[in-house]
Chemist: 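Quick one: this structure, given as structure tokens, is what I'll be asking you about.
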Amino acid sequence: TGIMTMMKNWIILLPLVVLTGFVSSCATQSTRSIEVTRFHLKQEILPQEINLEPAANVDDTSLEYASYANAVSAELAMLGLIVVDGDNSKIYATVEIGREIQQKAPKKSKFSIGIGGGSYGGGSGVSGGVNVPVGGSSGGEALVTSLKVKLIRRDENAVSWEGEAIRSVNTSTDASNNSVEEVAAALFHDFPGDSGKTITLIPDNTSL
């Protein structure tokens with residue numbers, strides 16, 4: 001009887017232990033990840049002077065554009081592409097920014113605690129099971145930030161490289177994590193990057 005009781009207790013506790021570990025793992029996952037996609041022709045872009053221009057329909061007089069332009073300029077400088085005024089450089093970069101609030105779809109819980117048992121020897125035992133749903137939450141709102149940059153050869157008006165970085169954070173809890181510099185750094189991480197491949201990065205530039 002003592003062995004049967006102990007086994008039934010383990011049957012009840014084991015799903016709780018597994019679930020607790022899963023919840024803990026989810027709680028520690030970074031909410032600051034950035035998705036990055038780049039396209040290029042695998043042509044070397046040599047260090048040189050470069051002009052910076054806003055993309056079409058971008059207000060280059062706004063403080064938001066200025067913050068992104070400064071972040072992009074700093075990243076380009078580390079690649080040997082020094083931003084200068086004017087429009088006479090052989091290559092120029094266009095900067096497009098986006099920021100919007102999106103409604104996230106409600107989340108339904110995919111998990112339940114299963115409590116059940118099997119039959120044991122001696123003609124007695126426990127059978128059956130109970131599924132207890134866990135959680136579920138409202139979707140809430142997300143602040144989605146995007147940064148697109150194109151490097152264009154002026155004489156041919158041809159794009160040599162282009163990339164986009166997108167970050168989505170919860171407006172209620174994570175908006176303060178939405179750093180312009182981090183988004184720009186992710187966009188130019190391991191430049192020029194794998195063409196056509198989307199990767200996920202976290203602020204310390206570790207690929208997930």
Chemist: Mark yes when over 12 heavy atoms from residues, nucleotides or ligands other than Asp85 sit less than 6.0 Å from its CG; otherwise mark no.
Modeler: no
Chemist: Return yes when atom CG of Leu41 has more than 12 non-hydrogen atoms of other residues, nucleotides or ligands closer than 6.0 Å, and no otherwise.
Modeler: yes
Chemist: Kindly say whether Gly163 contributes a backbone atom to a donor-acceptor pair with the side chain of His40 at under 3.5 angstrom?
Modeler: no
Chemist: If hydrophobic clusters are built from ILVMFWY residues whose side chains come within less than 4.5 Å, do Val83 and Tyr92 share one?
Modeler: no
Chemist: Return the minimal non-hydrogen interatomic distance between Asn51 and Val84, and the atom names on each side.
Modeler: ND2-O, 3.0 Å
Chemist: Nearest 0.5 angstrom please: Leu187 CG to Ile166 CD1, how far?
Modeler: 10.5 Å
Chemist: Evaluate the criterion side-chain contact (heavy atoms from CB on, under 4.5 Å) for residue pair Leu201 and Ser33; output intermediate values, then yes/no.
Modeler: CA-CA 5 Å; Leu201 300 170; Ser33 61; over 6 Å; no
Chemist: Before accepting this row, confirm whether a basic side-chain N of the pair Arg167/Glu182 lies closer than 4.0 Å to the acidic partner's carboxylate O.
Modeler: yes
Chemist: Looking at OH of Tyr68 and OG of Ser146, how far apart are the two atoms once the value is rounded to the nearest 0.5 Å?
Modeler: 7.5 Å
Chemist: In sequence, state the C-alpha distance, the side-chain angles, and the governing distance for Val183 and Ile34, and then conclude on side-chain contact (heavy atoms from CB on, under 4.5 Å).
Modeler: CA-CA 7 Å; Val183 175; Ile34 304 169; 4.3 Å; yes
Chemist: Hey, are Ser160 and Arg153 close enough side-chain-wise for a donor-acceptor pair under 3.5 Å?
Modeler: yes
Chemist: Could you tell me whether the side chains of Asn88 and Arg154 share a donor-acceptor contact shorter than 3.5 Å?
Modeler: no
Chemist: Nearest 0.5 angstrom please: Met78 CE to Phe191 CZ, how far?
Modeler: 12.0 Å
Chemist: Using a cut-off of 6.0 Å, state whether more than 12 heavy atoms not belonging to Gln48 lie near its atom CD.
Modeler: yes
Chemist: As an exercise, state the distance from CD of Glu35 to OG1 of Thr200, rounded to the nearest 0.5 Å.
Modeler: 4.5 Å
Chemist: Could you state whether Ile152 and Leu81 fall into the same hydrophobic cluster, counting links through intermediate Ile, Leu, Val, Met, Phe, Trp or Tyr residues with side-chain heavy atoms under 4.5 angstrom apart?
Modeler: no
Chemist: Establish whether Ile199 and Val149 are linked, either directly or via other cluster members, by ILVMFWY side-chain heavy-atom contacts under 4.5 Å.
Modeler: yes
Chemist: What pairs of residues pass the salt bridge (charged side-chain N to carboxylate O under 4.0 Å, His left out) test when at least one of them lies in residues 60-80, not counting sequence neighbours?
Modeler: Glu64-Arg99
Chemist: Quick one: closest heavy-atom pair of Tyr65 and Pro54, and the distance?
Modeler: OH-N, 3.3 Å
Chemist: How many angstroms lie between atom CG of Leu76 and atom CD1 of Ile50, to the nearest 0.5 angstrom?
Modeler: 5.0 Å
Chemist: Mind checking whether Trp161 and Phe188 have parallel, tilted or perpendicular rings, split at 30° and 60°?
Modeler: parallel
Chemist: So if you build clusters from Ile, Leu, Val, Met, Phe, Trp, Tyr with side-chain heavy-atom gaps below 4.5 Å, do Val95 and Val180 land together?
Modeler: yes
Chemist: So Lys90 and Glu49, salt bridge (Lys or Arg N to Asp or Glu O under 4.0 Å) or not? Walk me through it.
Modeler: CA-CA 8 Å; Lys90 294 182 179 180; Glu49 292 185 344; over 6 Å; no
Chemist: How many angstroms lie between CD in Glu162 and CD in Glu96, if you round to the nearest 0.5 Å?
Modeler: 10.5 Å
Chemist: Provide the closest heavy-atom pair for Ala184 versus Leu147 in the form atom of the first, atom of the second, distance.
Modeler: CA-CD2, 3.8 Å
Chemist: Going only through I, L, V, M, F, W and Y residues with side-chain contacts under 4.5 Å, is there a path from Leu79 to Ile82?
Modeler: no
